[in-house]
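Worksheet for the structure shown next.
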Protein chains: 2
Amino acid sequence: MADTSARRIDPAEEPAPSSEAPEIDFDLIELFFFAYRDFTSDPDHMLDELGFGRAHHRILHFINRRPGLTVAELLDVLQITKQSLARVLKQLIDTGHVMQVQGPRDRRQRELHLTAKGRALALALAAPQSRRISRALADLKPEDRSTVEHFLKEMVNREFRQQVDNLGHHEPESAEERS
Amino acid sequence: MADTSARRIDPAEEPAPSSEAPEIDFDLIELFFFAYRDFTSDPDHMLDELGFGRAHHRILHFINRRPGLTVAELLDVLQITKQSLARVLKQLIDTGHVMQVQGPRDRRQRELHLTAKGRALALALAAPQSRRISRALADLKPEDRSTVEHFLKEMVNREFRQQVDNLGHHEPESAEERS
DNA sequence: AGATTATGTCAACAAGGCTGACATAAATTT
DNA sequence: AAATTTATGTCAGCCTTGTTGACATAATCT
């Protein structure tokens, strides 16, 4: 029951990739779905115990990456609405994970910063994801990390590539890469 | 405004990756988030116009991949509850995208199949994702596709690797492949 | 016959998206 | 200086898609 394996049924029922559709890469599409599902599963479980959700994680992550970013910038990165952000952000502020400071140049702005508590949580959530990534890279050649990085970067819409580039703590990246 | 670039503020506020946390790979973590966000964006927009959501896409996808799979198997793959599935599946049946046929061996089971209409939609949704993937692979070496595939496969929890393997329409792929 | 299994369905709830409207303070423009 | 625009906050309410638990039916298995 619910044995998810062994089911090849009738070949006539296969999607017939060569004729109807010009080479749809179902394998990678599906793998990407599973990979992302499991990638988010570890932090999801931790968040659950704190009464938080994935939305909280995203906010913590981006504030951690760019301390001092403003609310507008965060909305821009997350591509959600003000209201969606507000609800979750408020919880993080109330629980002492995030602090707001009035913008120095423009006093209308609120710069977002993590507290020590927030930083600790952000790191704790990222840890299993990072471990998963390094396990996934483990039996690949060291150079393959940049292949994967390149692939993922190209998957991002052009309009947002810049966003991605700026977020990284990249060294100029001469010939080699990372350590 | 909301210029998402140029913000490096105070170096003291950086997460200090080397001391507090042992090498968290924030770059790939983040890239994976963006990549998946945009990966799903094209089909999401199309679904929107049909009054469907991402949940419908997943169902269409998996039925397309394994015509005749049962409800229990689908639940297993999607890892959602019966109720969550039922609601969405019902819509797809009512709109003529999915058909149910009584299981031949076990008449309690309902085998799920796409209609021509459902197949057409599944393909239409997959097309931009497939295009995105091949664009992302375009300036990599041809062998790098298997690097990416390997990476993604390793990102999946062990318990589900099998599921993934079985879903693919893989040729044996000679001397290679996992354990 | 009785238990288990596969599926369907009902009610109710929660998270986290969304919209539109409106308020305030600060900055910018006229 | 006044008017406008901008950055943020907040309110009310909606939708999708996830959740749980309970219960019904038919088919299969013991």
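Computed from a prediction, not measured in an experiment: that's the story for all the values here. Throughout, a chain's letter reflects where its sequence line sits, starting with A, and its residues are numbered from 1.
For the pair Arg110(A) CZ and dA25(C) P, the computed distance is 11 Å after rounding to whole Å. Atom pair Glu111(B):CD and dT7(C):C1' shows a separation of 14 Å (rounding to whole Å applied). Nucleotide dG9(D) holds its C1' atom 14 Å from the CD atom of Gln102(A), rounded to whole Å. We find that CD of Gln91(B) is positioned 8 Å from P of dT16(D), with the value rounded to whole Å. Rounded to an integer number of Å, the gap from CG of Leu47(B) to C1' of dT16(D) is 13 Å. If you measure from atom CG of Asp76(A) to atom C1' of dT8(D), you get 15 Å, rounded to the nearest angstrom. Whole-Å rounding puts the Gln109(B) CD to dC29(D) C1' distance at 14 Å. Put simply, NZ on Lys90(B) is 19 Å from C1' on dG18(D), counting in whole angstrom units.
Contacts of Gln100(A) with the nucleic acid, taken as non-hydrogen atoms under 4.0 Å apart, involve only primed sugar atoms and P, OP1 or OP2. Residue-level contact check: Arg87(A) touches the bases, meaning some heavy atom is under 4.0 Å from a base atom.
If you check distances only, the side chain of Lys82(A) does reach the base of dG9(D) with a donor-acceptor pair under 3.5 Å.
Contact between the side-chain N/O atoms of His56(B) and the OP1/OP2 oxygens of dT17(D) is found at a separation under 4.0 Å. Side-chain nitrogen and oxygen atoms of Ser84(A) include at least one within less than 4.0 Å of the OP1 or OP2 phosphate oxygen of dC18(C). Between Thr81(A) and dG17(C), a side-chain N or O to OP1/OP2 separation shorter than 4.0 Å is absent.
Shortest non-hydrogen contact noted between Ser41(B) and Arg132(B) is OG-NH2, 3.7 Å. Residues Leu85(B) and Leu78(B) share a closest heavy-atom pair of CD1-CD1, 4.2 Å.
In this model, no donor atom of one side chain and acceptor atom of the other lie less than 3.5 Å apart for Thr70(A) and Arg110(A).
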Taking only nitrogen or oxygen atoms into account, show me every contact under 3.5 Å that the protein makes with nucleotides 27-30 of chain C, one pair per line with its distance.
from: dA27(C); atom 1: OP1; to: Arg107(A); atom 2: N; distance (Å): 3.1
from: dA27(C); atom 1: OP2; to: Arg107(A); atom 2: NH1; distance (Å): 3.3

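In this pair, Phe151(B) and Phe32(B) present their aromatic rings perpendicular. The plane angle is above 60°, beyond the 30 to 60° band. Under the 30°/60° scheme for interplanar angles, the aromatic rings of His61(A) and Phe26(B) are found to be tilted.
Across dG21(D), dT7(C), dG18(D), the shortest atom-to-atom separation from the side chain of Ala55(B) is found for dG18(D).
For His57(A) and Phe62(A), the ring centers are positioned 6.0 Å apart or more.
Leu137(B) is listed as a side-chain neighbour of Leu28(A), based on a closest heavy-atom distance under 4.5 Å.
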